[in-house]
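Just below is one structure, and these are the notes that go with it.
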Amino acid sequence: MIQINRHDDESTGGTRPDESVPISGSADRPNRQALIESAIIALCFAAYAGQLPPDVNESHYLTKAKHFYDAAYCPGDLFLGSSYSHWLFYACTGWMTHFLSLATFAWVGRIIVWTATAFAWQRLCDAVVPMRWIAILSAAFFLLLNDRFHLAGEWVVGGFEAKSVATIFVVFALGQLARRDWKTVWPLLGAASAFHALVGGWCVVACGVAWWMTEVSMSAGLPSMTRLRNQVRRQVVPLAIGGVIALVGVLPPLIADWHAPAALARKAHSIYVHERISHHLWFDAFPVSHVARFAFITACWFGLYRWLGNSRQVGSSEFHHRLRPLKYFAVGSLMISFAGLLLCGAADSGSFDGLHLDGLLRFYWFRLSDFAIPLTMSLAACFVIRHWLVNRRDSARRAMAAIFIACVAGAAVLMMVERHQHGIANADRASLPRFLDDPLRTRQIYDDWRTVCNWIRAHTPAESVFITPDQQQTFKWYAHRTEIVCWKDVPQDAVSMTVWWQRVEAIIFPQRRSSLGMLVYDDGQLAALAENYNATHLLMSRSA
């Protein structure tokens with residue numbers, strides 16, 4: 001049973017609608033209670049995302065982190081030797097691969113990230129809904145909404161990578177946003193941008209919308225320009241600090257493409273947006289079901305916040321004071337997504353080719369709303385649940401709250417069980433051949449793949465270079481050998497990306513166009529490929 005804090009008015013059956021209740025936050029809560037809640041949330045995160053490593057992006061980022069400190073690992077690999085867009089992440093974490101295997105490295109990073117994110121989430125929830133144990137409910141509900149209602153495939157709780165580290169700082173920043181502590185919001189978002197420029201950067205834009213709506217437009221009693229000058233004056237130093245910190249993450253990708261010819265950069269942007277990452281970037285590539293479900297959750301979000309807009313219906317004005325900045329943060333995320341939709345429409349019309357819109361579309365315009373809408377909806381829902389639970393005179397609403405809690409808990413458990421039932425690492429499940437009607441065959445392919453990669457690692461020279469099957473993304477993870485090209489491992493700088501695309505056209509596409517795989521080439525053509533790319537070994541799928 002969820003227990004209320006001592007400032008809830010039990011004698012009157014709840015908080016009076018017109019009563020202003022100060023929100024204490026974690027500082028006034030027993031530290032032990034907050035730590036217990038954080039630990040349980042971290043366990044929820046682990047139950048949700050704790051599949052065998054590597055996760056989908058871990059085989060991509062953690063091998064690069066290892067190569068950052070050990071050039072002898074997969075020497076000459078095109079992807080690993082390309083620009084380090086997330087330089088700070090590699091610099092801060094890659095040294096652990098000197099002492100840990102890649103799998104252990106992933107587990108250590110996951111535990112650190114999940115624990116820190118859980119602590120940040122508990123602080124955020126406590127700033128809005130200061131009630132014992134309800135942070136756990138909000139975290140579980142958020143996981144459900146983010147997993148089942150995303151538009152562009154954005155996840156928040158998952159494997160260990162730069163994005164997951166940046167998310168820690170984002171959640172801490174949102175906790176300070178709810179407290180209206182702007183002087184710490186901007187440096188925290190600067191730290192997020194240092195680890196992942198796009199994650200932190202878009203949050204800065206959305207928080208800017210929240211700042212404008214809560215501190216400038218809605219500040220009464222002063223002329224608008226006076227309000228603006230006063231508010232800007234207060235934000236200059238924190239923004240400058242955040243901006244300087246963010247340069248650590250912003251400069252590396254800018255420097256990487258600084259000297260790329262304009263035509264080459266445009267080609268690379270087109271490859272990235274329309275060929276490789278269209279499922280995250282190009283609206284027309286999103287499944288209709290994803291669009292429909294995101295439209296549904298957005299409509300529910302709008303209805304919930306519209307209902308909460310009348311502060312006398314649910315709870316006190318002080319709680320609405322805390323929810324308002326988060327509401328406008330979500331509004332800012334939707335504005336960014338709408339701008340991305342307009343850019344997609346403009347690019348699709350063909351009327352703006354001279355503006356090279358692909359260069360803008362590569363910045364993941366739909367990413368933040370996948371995070372912001374579930375987050376703010378889960379907090380608002382828990383805010384309502386809290387009010388229903390503490391209102392002891394209304395047994396019907398208390399029963400509804402209990403039903404909601406049971407439904408969320410049950411759905412979360414089912415989702416977590418579903419994610420663990422395969423026993424196959426997510427990166428392999430996403431890339432190796434799968435047979436939905438024959439799970440034993442799918443499992444056998446996974447076991448065989450790991451066996452052959454381990455054999456290669458033990459019996460081939462470390463400097464070997466492989467042409468590998470197109471349906472895989474974990475060869476470097478298991479075999480520790482260089483490969484000519486991998487579909488997952490797209491470089492981030494324009495020059496390397498165009499080289500990667502040439503290799504995709506020469507090696508991956510022929511495998512996908514024929515059931516023969518690489519045997520679509522005769523011996524002479526295979527020898528020419530090996531000579532052209534300095535390959536020493538060829539690894540083919542048994543089905544070829």
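To the nearest 0.5 Å, the span separating CZ on F363 from CG on L343 amounts to 11.0 Å. Atom CH2 of residue W121 and atom CD of residue E37 lie 13.5 Å apart, to the nearest 0.5 angstrom. With rounding to the nearest 0.5 angstrom, the CG atom of D70 is 10.0 Å from the NE2 atom of H480. Atom CG of residue D489 and atom NZ of residue K64 lie 9.0 Å apart, to the nearest 0.5 angstrom. We find the CG-CG distance between L375 and D370 to be 12.5 Å, quoted to the nearest 0.5 Å. In this structure, CD in Q176 is found 6.5 Å from CG in L188, a value given to the nearest 0.5 Å.
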Yes or no on ring pair (Phe, Tyr, Trp, His ring centres under 6.0 Å) for F404 and W388, after CA distance, side-chain angles and deciding distance?
-> CA-CA 11 Å; F404 176 83; W388 287 355; 8.3 Å; no
Test side chain to side chain donor-acceptor pair (under 3.5 Å) applied to N230 and R233, step by step | CA-CA 5 Å; N230 290 342; R233 193 178 297 117; 3.1 Å; yes
Step by step, work out the side chain to side chain contact (heavy atoms under 4.5 Å, CB included) result for V56 and K488.
-> CA-CA 9 Å; V56 174; K488 174 67 177 178; 3.8 Å; yes
For R429 and Q51, run side chain to side chain contact (heavy atoms under 4.5 Å, CB included): C-alpha distance rounded to whole Å, both residues' side-chain angles, the deciding distance at 0.1 Å, then the answer.
-> CA-CA 11 Å; R429 192 163 176 269; Q51 291 80 28; over 6 Å; no
In sequence, state the C-alpha distance, the side-chain angles, and the governing distance for H150 and R293, and then conclude on side chain to side chain donor-acceptor pair (under 3.5 Å).
-> CA-CA 8 Å; H150 62 80; R293 69 190 188 185; 3.0 Å; yes
With ring pair (Phe, Tyr, Trp, His ring centres under 6.0 Å) as the test, would you mind laying out the steps for F286 and F294 before giving the verdict?
-> CA-CA 11 Å; F286 298 163; F294 185 76; 9.5 Å; no
Go through the steps for W133 and I36 under the test side chain to side chain contact (heavy atoms under 4.5 Å, CB included), then give the verdict.
-> CA-CA 9 Å; W133 311 118; I36 291 173; 3.8 Å; yes
Assess whether ring pair (Phe, Tyr, Trp, His ring centres under 6.0 Å) is satisfied between H60 and F79, documenting all intermediate values.
-> CA-CA 9 Å; H60 180 78; F79 167 68; 4.3 Å; yes
For L368 and C203, run side chain to side chain contact (heavy atoms under 4.5 Å, CB included): C-alpha distance rounded to whole Å, both residues' side-chain angles, the deciding distance at 0.1 Å, then the answer.
-> CA-CA 7 Å; L368 185 57; C203 285; 3.6 Å; yes
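At least one side-chain heavy atom of W211 sits less than 4.5 Å from a side-chain heavy atom of Q231. By the 4.5 Å heavy-atom criterion applied to side chains, V185 and D181 are not counted as neighbours. Taking the side chain as every heavy atom from C-beta outward, V165 and F160 approach each other to under 4.5 Å. Contact of the M377 side chain with the C300 side chain is registered, since non-hydrogen atoms from C-beta on lie closer than 4.5 Å. Counting heavy atoms from C-beta on, the side chains of H86 and H196 come closer than 4.5 Å. Annotation: side chain of F45 is in contact with side chain of L143 (closest heavy-atom distance under 4.5 Å). With contacts defined as side-chain heavy-atom distances shorter than 4.5 Å, the pair Y446/R434 does not qualify. No side-chain heavy atom of W365 sits under 4.5 Å from any side-chain heavy atom of F338.
Using cut-offs of 30° and 60° for the angle between ring planes, the H280 and Y364 rings count as tilted.
At a threshold of 4.0 Å, the pair E58-R110 counts as salt-bridged, since one of the basic side-chain nitrogens sits closer than that to a carboxylate oxygen. Ion pairing of K163 with E154 is present here, as a side-chain N (NZ or NE/NH1/NH2) and a carboxylate O approach within less than 4.0 Å.
A side-chain donor-acceptor contact under 3.5 Å links S333 to the backbone of A330. Side chain of H290 to backbone of A152: no donor-acceptor contact under 3.5 angstrom is found.
Side-chain contact check for Y478 and D428: at least one donor-acceptor pair (N or O, by modelled atom type) lies under 3.5 Å.
Taking all atoms of both residues into account, the shortest heavy-atom contact from A210 to Y328 is CA-CB, 3.7 Å. Nearest heavy atoms, A49 versus G158: CB-CA, 3.7 Å.
Atom CE of M96 is surrounded by more than 12 heavy atoms from other residues, nucleotides or ligands within 6.0 Å. Environment of CH2 in W182: crowded, with over 12 heavy atoms of neighbouring residues, nucleotides or ligands closer than 6.0 Å.
The only member of V171, L177, V129 that meets side-chain contact (heavy atoms from CB on, under 4.5 Å) when paired with L124 is V171.
Remark: K327 fails to qualify as a cation-pi partner of Y305 under the 6.0 Å distance and 45° angle criteria applied to the six-membered ring.
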